[in-house]
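Since the structure comes first, as structure tokens, the remarks are kept for the end.
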Amino acid sequence: MSSIVTLSEFIMERQDDFPFASGDLSRLLTDIGVASKIINHKVNKAGLQDILGAVGTTNVQGETQMKLDVFSDHALLNAVRWGGQVCGAASEENERYFAFDAEVNRKAKYVLLFDPLDGSSNIDVNVSIGTIFSIFRRTSSVGDLANINDFLQKGDEQVAAGYVIYGSSTMLVYTTGHGVNGFTLEPSIGEFCLSHKNMTIPEDGKIYSVNEGNLLSSSKGVQEYINWCKQSDKKTNRPYTARYIGSLVADVHRNLIKGGIYMYPGTKSAPNGKLRLMYEANPLAFIVEQAGGMATDGKRRVMEMQPTDLHQRVPLFIGSKKMVEKVHALIEELDTEKA
Ligand code: AHM
Ligand code: MG
């Protein structure tokens, strides 16, 4: 029987990837793993307890917050704040970032950005949801309070990123820029165990994931790509298969394993689409690029973008390299106002 490698053991082993590592990043990743187990516990009981439904407040984007969103936000904030490895944190659920003023936090090297519960509109119908996180090294001086510039860094500056999918099993997938590894939660021992070593995304695929309800208000290039996916052609394995869960983590996770493309393009009424650069696009882009895929806004790499706002949105085309390249070619050819 092969021996089990737990998330904490793996994180400690991989610390050697970083010369002169002090162990802070390892502890931070471990804290996030613990928080995600707490969230998982609550998500699994969602149907049994009176925790479903809206809490009655709206978040900064004007969307209704679910009780589990708020719970997950607090679970992650508490885990990393008291763990003492971050000087600040920002999440999709809070308008402003938090700068933690305890001495241990002021001395910390990292900031964390996260979407505590992505796809939360799916909770009531028992569909997979997820947590997404992104870690940067602070740019302000150690000892100071965190400031906005610590957060507004390009995705290329990420030190680590990951997601947790609360699906038929719960998985945590993360990268520190040395490949992508996935861990499945073994409920009987309460540990994430290494199950998907060195994950790579197929160079090409036949799954496309997009909200086709927005088709008519998408650009010509995007419309043409979707039509192309549906046409028959033996040589290129078409027609492709349409799969859209409407839960970003679940859609990207499936495509990462099977090969495919997820798209949330801009539309006439929302030229930057729906997804957030800092909490959704950057961390998933880091993972997918590390796995050998691509993540762009239809033109440029997501991780090259200089953010100007914590909550800014960005069109997203992410997945197998050849599929992203194909949609790019059509956008380039057909869209006068390039996406
Ligand atoms: P959320 O962060 O408010 O949950 O929104 C993000 C979600 C993604 O998980 C999903 O891919 C997308 O919104 C679905 O949007 P739509 O319903 O417009 O297709
Ligand atoms: Mg989200």
Side-chain angles (χ1 to χ4, degrees), residues 36 39 43 46 52-55 57-73 75-77 89-95 112-134 155 161-167 171 173 207-218 222 226 242-256 260-285 287-288 295 297 302 307 309-319:
S36 67
I39 297 169
V43 166
L52 287 177
V55 96
T57 54
T58 50
N59 70 8
V60 63
Q61 275 100 15
E63 300 149 333
T64 304
Q65 280 185 311
M66 310 299 286
K67 284 181 185 173
L68 271 170
D69 282 349
V70 178
F71 176 88
S72 309
D73 195 45
L76 266 157
L77 281 172
S91 95
E92 193 182 295
E93 297 299 328
N94 300 289
E95 182 167 7
L112 174 75
L113 295 103
F114 61 96
D115 181 354
L117 213 51
D118 183 69
S120 53
S121 61
N122 287 317
I123 295 170
D124 288 359
V125 290
N126 228 336
V127 167
S128 299
I129 47 182
T131 295
I132 314 173
F133 63 90
S134 168
Y163 63 78
V164 183
I165 176 168
Y166 311 101
M171 268 192 80
V173 175
I207 295 174
Y208 71 101
S209 313
V210 65
N211 182 345
E212 281 201 58
N214 295 331
L215 184 74
L216 298 181
S217 54
S218 300
V222 171
I226 294 171
R243 289 283 183 271
Y244 189 67
I245 299 170
S247 203
L248 177 65
V249 171
D251 278 311
V252 169
H253 181 70
R254 182 203 50 240
N255 292 354
L256 176 61
I261 183 169
Y262 172 97
M263 298 177 279
Y264 209 110
T267 58
K268 281 183 192 123
S269 57
N272 290 323
K274 176 181 185 187
L275 302 174
R276 292 75 169 175
L277 175 61
M278 305 307 290
Y279 314 111
E280 290 161 330
N282 266 340
L284 294 177
I287 288 172
V288 168
D297 69 346
V302 162
D309 184 288
L310 270 182
H311 296 285
Q312 82 190 61
R313 297 174 194 260
V314 65
L316 184 62
F317 298 82
I318 185 167

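None of these values were measured; they are calculated from a predicted model. Counting starts at 1 for both ligands and their atoms, in listed order.
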Is there any N or O on [X] that sits under 3.5 Å from an N or O of ligand 1?
| X | answer |
| --- | --- |
| Tyr244 | yes |
| Leu248 | yes |
| Tyr262 | yes |
| Asn214 | no |
| Gly119 | yes |

Check: Heavy-atom contact under 4.0 Å between Asp251 and ligand 1?
Finding: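 No, that is not the case, since the closest heavy atom of the residue is not under 4.0 Å from the ligand.
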Item checked: 4.0 Å heavy-atom contact, Ser121 with ligand 1 ->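 Per 4.0 Å heavy-atom rule, Ser121 does not contact ligand 1.
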Item checked: Validation row: Pro265, Val210 side chains within 4.5 angstrom (heavy atoms) ->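 The answer is yes, as the side chains (C-beta and beyond) meet within the 4.5 Å cut-off.
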Check: Side chains of Ser209 and Arg254: closer than 4.5 Å at any heavy-atom pair?
Finding: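 Yes - at least one pair of side-chain heavy atoms lies under 4.5 Å apart.
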Margin query: How large, to 10°, is the angle at the Mg ion (ligand 2) when you draw lines to OE1 on Glu92 and to OD2 on Asp115?
Written below: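 Rounding to the nearest 10 degrees gives 70°.
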Check: Vertex the Mg ion (ligand 2): angle to OD1 of Asp118 and OE2 of Glu280, to 10°?
Finding: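 With the Mg ion (ligand 2) as the vertex, OD1 (Asp118) and OE2 (Glu280) sit 80° apart.
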Item checked: From Phe133 atom CZ to Leu112 atom CG, the distance as rounded to the nearest 0.5 Å ->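 Answer for the CZ-CG pair, Phe133 versus Leu112, is 8.0 Å.
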Check: Who passes side-chain hydrogen bond (donor to acceptor under 3.5 Å, both in side chains) against Ser72, sequence neighbours left out?
Finding: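 Listed in chain order: nothing, the list is empty.
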Check: Excluding sequence neighbours, so at least two apart, what forms side-chain hydrogen bond (donor to acceptor under 3.5 Å, both in side chains) with Asp118?
Finding: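 Not a single residue meets the side-chain hydrogen bond (donor to acceptor under 3.5 Å, both in side chains) criterion with Asp118.
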Donor on one side chain, acceptor on other, [X] and [Y], under 3.5 Å:
| X | Y | value |
| --- | --- | --- |
| Asp69 | Ser120 | yes |
| Asp73 | Ser91 | yes |
| Ser36 | Tyr166 | no |

Contacting atoms of ligand 1, where contact means under 4.0 angstrom from a heavy atom of [X]:
| X | answer |
| --- | --- |
| Asn211 | 16 (P), 18 (O), 19 (O) |
| Arg276 | 2 (O), 5 (O) |
| Ser120 | 4 (O) |
| Glu280 | 2 (O), 6 (C) |
| Asp115 | 2 (O) |

Check: Is there a donor-acceptor contact under 3.5 Å from the side chain of His311 to the main chain of Asn94?
Finding: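 Side chain of His311 to backbone of Asn94, a donor-acceptor pair under 3.5 Å: yes, one is there.
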